[in-house]
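Every chain is numbered from 1, with letters handed out A, B, ... down the list of sequences.
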Amino acid sequence: MSGRFKRRKRDFGGRGTKSESSNEDIVNLDRHPPHLRGREIGWFYARRNKERRKLGLYNKISKPLGTVLLSENKKEQIQQLLKSTSTTLERDDTAFAFQMKFFQMITGDIEQKLDSAVAVTRSEKIDKSLFDEFDNRKSNNYYKTMLLKRQKLPSFSKKEEILKLIDENQVVVVSGETGCGKTTQVAQFILDDFVENRKGSLCHIICTQPRRISAISVAERVADERAEPLRMGVGYHIRLEKELPRDKGSIVFCTTGVVLKQMEKDPCLSNVSHIILDEIHERDIMSDFLITLLKQVIKKRKDLKVILMSATLNSEKFSAYYDNCPHINIPGFTYPVQEFYLEDVLQRTGFKFDDFSKARGNRSFQARMDNVYRNFIEPHVRKLEANRTYSRDVCIQLRNPKAEELNIDLILALIIDICEKEKDPGAILVFLTGFSHISNLNQLMEKSGKFPASKYRIIPLHSLMPTVNQRQVFDKPPKGVRKIIIATNIAETSITIDDVVFVIDCGKIKMTNFDVENNCQTLKPEWVSLANASQRKGRAGRVQPGICFHLFSRARNMTLEQYQKPEILRTRLENTILTIKILQLGKIETFLESLMDSPEPDAVKVSVNLLKRLNALDDTETLTPLGYHLAKLPVGPQVGKMILLGAVFSCLDPVLSVAVSLDFKDAFVMPLGKEREVDFKKRELSDDNGSDHLLLHMALNRFENEDYNGRKQFCWNYFLSCHTLTQLQDMKKQFMEYLYNMDFVNSKDPGNHKFNVNSKNLSLVKAVICAGLYPNVAVIKGKKFRNIVHTIEGEKAEMHPKSVLSKQVSFNTPLLVYYLRLRSTSNFIHDATLVHPLPLIFFGDNYTYNVDDSGTTISIGNDRLKFKCSRSTNLLIKELRDRLNWFLEYKISNPGVVDWNGEGPDIAILRFFSFHFLDHLSLK
DNA sequence: GAGCACTGC
């Protein structure tokens with residue numbers, strides 16, 4: 001048995017994969033091939049340089065970044081330490097015991113677990129009490145009035161048909177537009193039917209919702225309709241908040257993620273009789289995942305009923321996916337909304353675009369695109385000309401390529417026009433793409449002088465603006481005052497404003513995508529889908545007939561996609577892959593191929609490779625002990641690793657603050673026009689510590705240490721959202737629960753001193769952040785920081801202006817780690833922490849060294865980061881690094897609270913590492 | 001010099 005768990009040469013960071021290039025021949029050529037002409041030559045060099053950068057051949061990363069120096073005194077200390085700890089780190093027996101336990105946890109598959117599924121059990125006593133309760137309620141006056149209202153909903157007329165279909169089939173698709181009442185009624189139909197037939201104890205319904213707010217509000221609504229408080233027959237369960245109803249004879253509204261997490265423990269969904277998946281047409285990852293997973297579950301649980309609910313458009317797709325299961329459509333009810341398009345708006349306002357020939361960026365490219373547009377629009381304009389429904393001017397404007405760009409002046413003209421001509425005093429809701437457009441329009445409206453406060457209430461609405469939580473969005477304004485809301489697509493689903501009568505839809509939406517080739521996320525405006533356009537339109541008809549203006553032509557409307565791309569095709573897949581693994585769904589590719597829409601194999605490969613590099617998956621794509629823990633934590637793998645190391649290094653509180661802020665969202669708000677002030681306050685709070693991540697810690701830490709009034713004041717002073725900070729605080733507590741269940745901590749208070757021995761040691765906290773975020777490393781390019789950095793993948797990137805580092809001018813290290821790189825208007829790194837070389841040398845993967853005439857060169861991460869040092873320094877660092885990584889791997893495989901006051905030799909290494917080393921290493 | 005929107009026992 002000895003040697004089975006021998007100290008391995010592997011890094012804690014895991015093995016890496018060699019970078020590959022399909023263009024090696026190009027990279028190696030010095031000059032372009034002679035047959036190329038003109039622009040082709042330029043493209044050749046651009047492409048070559050990009051490839052070279054990716055291979056690390058063409059930037060300063062290829063050279064050593066400096067020399068690592070250790071003082072003689074320090075060397076002496078390390079030698080002592082190595083001597084004193086050399087014999088004690090092999091603990092084969094305990095490690096092996098854990099391995100066996102772990103092996104049992106990760107092998108096996110979901111089929112086995114499903115085999116043990118049992119049907120929901122019946123209790124006649126409960127059946128009777130539920131029946132009596134229901135019978136009593138029928139004479140309750142409030143219930144009766146609510147019932148009258150419910151009976152007016154279109155879904156009520158289909159009640160018997162829906163029940164019959166569900167009774168006769170295991171899977172049913174119910175489709176219907178907003179207003180048909182399917183979300184609130186279908187679950188009640190089922191429950192009431194069971195109760196009335198004296199089998200209420202057999203009924204426990206889960207209904208999933210894609211958003212937290214809808215889960216709560218639907219639950220409250222349904223409980224109200226049943227004239228009972230929450231937690232009797234109706235409840236909800238979302239992350240961090242739950243009001244659960246009784247076990248039997250009840251309905252729970254959950255977010256999809258909650259159900260998926262529950263299925264990690266109980267894939268059979270024991271005790272559940274019906275699962276309703278609502279809003280599945282939105283195609284978010286979690287419901288796509290659940291739809292596929294349920295396909296396996298229902299094979300073994302024949303008594304479990306699945307009801308898929310979607311919008312009407314495309315609902316056949318879901319039915320087809322479930323072997324053409326029966327499908328019922330409920331007609332919707334909303335007030336009629338008249339739709340107008342760009343040509344109508346131009347006619348109405350007489351608006352004229354700028355001359356399109358004015359230079360806009362890359363001229364030749366633009367000229368080509370302009371031509372494409374003119375060819376596209378010409379047939380449509382010809383038709384309009386023939387019909388003579390629109391003026392000559394309108395046709396001229398439609399031919400202008402600028403007609404396809406988002407034009408704030410046009411929107412302003414339209415708003416003014418509505419305000420002048422439309423007698424109805426209803427609110428106007430404008431859909432824009434983002435912060436800058438909202439800000440611009442707001443300014444233009446102010447400057448125009450046509451919107452005095454006495455007659456208009458203008459409300460910008462964006463997730464980063466404090467207005468989101470304010471009442472004024474929903475309040476009906478006084479008589480004679482018109483409300484104008486300028487919003488992002490937050491007003492499409494998340495925020496519902498009832499008194500809207502006019503909608504202006506700019507036709508664009510910002511979408512994230514995952515660019516596999518460049519291994520980065522993108523955020524770019526795109527045309528809306530028909531589903532978006534119709535959702536936006538629907539916002540005008542909630543209380544009375546309305547009008548919707550789409551700012552694109554009818555010709556463009558014909559080309560729009562029906563739906564947005566499913567989320568699973570637009571995002572990184574690390575979390576999805578970990579979920580597949582923890583649910584024991586077998587081979588990653590096989591499961592992903594069985595989804596309704598499968599991600600590209602390359603996208604899967606990129607994510608699998610990162611997970612291997614993080615040492616979460618081994619070469620056979622099996623979870624490692626680290627991977628097992630990461631899959632249990634509801635965060636991305638890098639943030640999860642950071643949390644685990646925060647526990648081991650006893651700096652848990654600050655690391656948790658950073659982790660939850662990165663994974664959820666930071667708490668900073670951005671009132672319109674206060675951008676500079678916010679930046680200033682952020683820098684003040686960050687105290688020049690060279691880290692956006694520590695800033696997140698500072699914000700939460702200061703908040704937690706204040707009393708109620710102090711918190712309010714603090715949030716006000718530093719542009720922070722009290723609500724978000726409280727949520728973050730709750731999330732920290734939730735992670736303590738997880739860590740407690742995993743045995744990494746033995747109490748649930750994140751501030752407990754036992755887990756925060758080193759929390760004031762910010763160098764150590766930074767090192768833990770670095771260990772988590774690796775391999776997201778970048779090198780600052782010049783001596784003077786001009787915001788330009790190179791990632792170690794060889795991508796050129798720019799520091800995002802919101803980062804505190806974007807204003808910093810001098811640096812004591814050329815290295816930084818980051819969480820998010822997002823390509824929007826530029827390739828931006830959104831957040832960063834400056835790090836010294838040593839944490840990278842210790843936590844990076846693929847440590848190698850090379851000795852030649854010029855001395856010793858250490859390199860990290862497949863030769864992407866190089867440092868010079870003396871021979872003896874290299875040997876010491878290497879040995880210390882091996883010990884540390886071995887110990888960390890041991891700790892992860894054998895979770896337990898690290899006793900920092902203990903005298904064990906392993907503690908000696910951790911203590912040495914955290915107290916004596918991190919900032920004392922100089923780089924020349 | 002810039003920030004679509006969601007979500008996790």
Side-chain angles (χ1 to χ4, degrees), chain A residues 206 208-215 237-242 244 252 254-267 269 279 282-290 431-440 461-465 468 487-495 506 508-513 521-526 528 532 535 564 567 570-571 575-576 578-579 582 631-636 639-640 660 663-666 668-670 672 675-676 678-679 727 730-731 734-735 737-738 741 786-787 798-803 806-807 820 822 824-826 828-831:
Chain A
I206 287 185
T208 69
Q209 293 292 319
R211 276 168 296 282
R212 293 163 60 88
I213 299 183
S214 31
H237 190 171
I238 60 180
R239 185 179 185 180
L240 306 175
E241 264 176 76
K242 58 183 170 187
L244 293 181
V252 197
C254 308
T255 38
T256 323
V258 168
V259 177
L260 273 177
K261 268 282 171 204
Q262 279 172 349
M263 288 178 82
E264 282 175 22
K265 272 215 171 133
D266 175 21
L269 289 169
E279 315 276 11
E282 290 186 15
R283 301 299 310 275
D284 56 284
I285 291 189
M286 302 229 194
S287 33
D288 269 19
F289 198 104
L290 191 52
F431 283 101
L432 290 176
T433 56
F435 198 100
S436 59
H437 284 136
I438 293 176
S439 173
N440 288 346
L461 201 59
H462 185 285
S463 65
L464 292 179
M465 291 175 189
V468 167
T488 59
N489 53 335
I490 194 169
E492 234 179 67
T493 48
S494 306
I495 291 179
C506 74
K508 301 269 169 84
I509 189 168
K510 275 196 187 167
M511 286 280 271
T512 51
N513 264 298
Q521 278 187 67
T522 60
L523 177 65
K524 295 200 169 142
E526 292 175 9
V528 291
N532 293 123
Q535 181 71 18
Q564 285 176 32
E567 194 190 1
R570 300 189 286 113
T571 24
N575 288 352
T576 308
L578 288 176
T579 311
I582 200 76
K632 286 269 173 186
L633 293 172
V635 275
V639 174
V660 294
D663 197 76
F664 183 47
K665 60 182 172 190
D666 72 47
F668 288 95
V669 291
M670 189 76 81
L672 268 187
E675 290 89 334
R676 277 163 185 276
V678 176
D679 280 353
Q727 270 180 303
D730 288 342
M731 288 173 75
Q734 195 193 10
F735 280 104
E737 294 263 343
Y738 281 108
N741 292 332
R786 294 198 319 274
N787 280 340
E798 195 178 325
M799 284 309 301
H800 194 281
K802 80 174 179 188
S803 163
S806 68
K807 282 123 202 155
L820 178 65
L822 183 65
S824 50
T825 51
S826 172
F828 283 117
I829 284 178
H830 278 236
D831 54 283

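Take A/F289 and apply the ring-ring contact (aromatic ring centres under 6.0 Å, His included) test, not counting sequence neighbours, and it matches A/F591. For A/D679, the salt bridge (charged side-chain N to carboxylate O under 4.0 Å, His left out) partners are A/K807, not counting sequence neighbours. Under the rule for a ring-ring contact (aromatic ring centres under 6.0 Å, His included), A/Y738 has no partner lying at least two apart in sequence or in another chain. Under the rule for a side chain to side chain contact (heavy atoms under 4.5 Å, CB included), the partners of A/D288 that lie at least two apart in sequence or sit in another chain are A/R283, A/P566, A/I568, A/M596. With sequence neighbours excluded, no residue satisfies ring-ring contact (aromatic ring centres under 6.0 Å, His included) with A/H237.
Backbone-only contact: A/S824 has heavy atoms under 4.0 Å from sugar-phosphate atoms and none from a base. Here A/R239 lies in heavy-atom contact (under 4.0 Å) with a base. A/I509 comes within contact range of no nucleotide atom at all, as no heavy-atom separation falls under 4.0 Å. At a threshold of 4.0 angstrom between heavy atoms, the contacts of A/H237 are confined to the sugar-phosphate backbone, with no base atom among them. Residue contacts shown for A/M670 include a base, since a base heavy atom lies under 4.0 Å away. Within the nucleic acid shown, A/V259 has no heavy atom closer than 4.0 Å to any nucleic acid atom. Residue contacts shown for A/D284 are absent, as no nucleic acid heavy atom lies under 4.0 Å away. Using a 4.0 Å heavy-atom cutoff across all strands shown, A/I238 reaches sugar-phosphate atoms only and no base atom. Within 4.0 Å (heavy atoms only), A/D679 reaches at least one base atom of the nucleic acid.
You can see that DNA chain B meets the heavy atoms of chain A within a 4.0 Å-exclusive cut from B/dG1 to B/dC9, reading 5' to 3'.
Contact detail for A/C254 and A/I206: the closest heavy-atom pair is SG-CG2, 4.1 Å.
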